[in-house]
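These notes are about the structure you will find just below.
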Amino acid sequence: MKDKAISILLIEDNPGDAILIREQLMYTDNQLQLHCFDLLSKGLEFLSSENIDAVLLDLGLPDSQGLNTIEQVRVKKPSIPIIVLTGLDDENIAMEAVHRGAQDYLIKGSTTGSMLFRVIRYAVERKSAEEELKNSLEKLTRALHGTIKAMAMAVAIRDPYTAGHQKRGANLARAIAEEMNLDPKIIEGIQLAGMIHDIGKISIPAEILSKPSLLSNLELSLIRIHPQVGYDILKEIDFPWPIAQTVLQHHERINGSGYPAGLKNGEILLEAKVLAVADVVEAIASHRPYRPAYETEEAMSEITEKQGILYEPIVVESCLKLFKDKKYSF
Ligand SMILES: [Fe+2]
């Protein structure tokens, strides 16, 4: 940024103020490019076609008054630094302007050219640091999604049945979470946990997983260790969602009859309660190595009967709504 000339858009309808700002800034840095417009509409038009580093914005323009002016600039270019330069000396409005995305709030006539220039430089640098941080967070999130997909693929290579079950279960869990109006971050975590919730089954011999008859008690007890194995695989990865815990708890039931820990209602994560219902519905409605698929109605009866006993009622209601009213299908 240091060597590059800064290009500023000034939206100011008072010609005297505009001239004063131009003179102050040009005196400080004659490399600076200043583009002035007296209407917000003209300024926004220019902003969308040119490469601008920051906007100096008056809040009392013929075609826009007040804080809404900031939003209109942000809608046009969300990442542009905005410095409000107004005659209105009001602390509350200044705070509100910052909350709405302005980088700074200056009172006309109270700044020297060098102060104004410094504020602009800081705003541009800060905004670019914020963008960099946002980009690296997005990159990190993409890498974490990739990690989960890679794990799901590893399961698919060994055991296509479990892979398909995980995928359909994850999609249903996401749909239930959306129906429940959960926070988008929680919804994301539920779907990702769903995509690998049975990863612990890689520790179970393939012949047991694909056995075309009912399992013996010994085989069942082997299968029952998969949430713990899944947790052990995932626990060291510092995901921004409780993936390992959700995987560990997806066979817990609210009356304490689940496994591996026999946790009760308040001890089970909401994410795991959503996944539990999606997992059971998918499992009943799908073909199993030892039996054909049942109708979706069978799955709906199972969760309805055990609602409030094994399964969280709000989760069950949302799932029923999806299948009955919204005709959800796998
Ligand atoms: Fe499972």
Side-chain angles (χ1 to χ4, degrees), residues 148-149 151-177 189-211 214-235 237 239 241-264 267-291 293-294 298-299 302-303 306 309-312 315-316 319 330:
I148 289 177
K149 273 191 195 147
M151 288 185 187
M153 275 178 75
V155 172
I157 288 164
R158 179 170 185 265
D159 175 9
Y161 166 74
T162 299
H165 160 69
Q166 289 191 132
K167 198 171 173 194
R168 289 185 299 270
N171 290 341
L172 175 57
R174 181 186 181 93
I176 295 173
I190 289 173
Q191 184 176 25
L192 291 170
M195 284 166 68
I196 46 170
H197 71 272
D198 276 341
I199 191 165
K201 285 189 179 168
I202 59 170
S203 68
I204 301 166
E207 333 50 287
I208 297 182
L209 292 176
S210 57
K211 199 171 165 188
L214 285 175
L215 300 171
S216 69
N217 283 342
L218 179 68
E219 288 163 338
L220 271 177
S221 62
L222 263 176
I223 288 215
R224 285 180 162 223
I225 62 168
H226 79 273
Q228 184 66 51
V229 176
Y231 175 77
D232 292 338
I233 292 169
L234 297 164
K235 67 181 180 203
I237 309 176
F239 288 114
W241 315 274
I243 303 271
Q245 285 291 343
T246 306
V247 167
L248 178 65
Q249 296 180 5
H250 78 276
H251 284 285
E252 299 289 357
R253 299 294 179 249
I254 62 172
N255 64 358
S257 65
Y259 61 90
L263 299 179
K264 287 203 170 136
E267 301 165 319
I268 308 171
L269 283 177
L270 179 61
E271 286 87 341
K273 290 177 185 171
V274 174
L275 188 51
V277 170
D279 183 29
V280 162
V281 169
E282 200 290 329
I284 295 175
S286 297
H287 165 83
R288 292 278 187 170
Y290 51 86
R291 61 150 174 82
Y294 289 122
E298 299 267 353
E302 159 70 18
I303 58 169
K306 313 279 173 56
I309 305 164
L310 302 185
Y311 312 112
E312 177 70 46
V315 180
V316 171
C319 184
F330 287 112

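Small disclaimer: the values here were computed from a predicted structure and weren't measured. For ligands, and for the atoms within them, numbers begin at 1 and follow the listed sequence.
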Which atom, counting only N, O or S, brings His226 closest to the Fe ion (ligand 1)? NE2

For the atoms NE2 of His251 and NE2 of His250, give the angle they form at the Fe ion (ligand 1), rounded to 10 degrees. 80°

Taking atom types as modelled and ignoring hydrogens, do the side chains of His197 and His251 form a donor-acceptor contact shorter than 3.5 angstrom? no

Compare every heavy atom of Asp198 with every heavy atom of Gln166, then report the nearest pair and how far apart it is. OE1-N, 2.7 Å

Option from Lys273, Glu302, Lys306 for which side chain to side chain donor-acceptor pair (under 3.5 Å) with Tyr311 holds: Glu302

Among the N, O or S atoms of Asp198, which one sits nearest to the Fe ion (ligand 1)? OD1

The Fe ion (ligand 1) to Asp279: any N/O/S contact under 2.8 Å? no

With a 4.5 Å limit on heavy-atom distance, are the side chains of Lys235 and Leu248 in contact? no

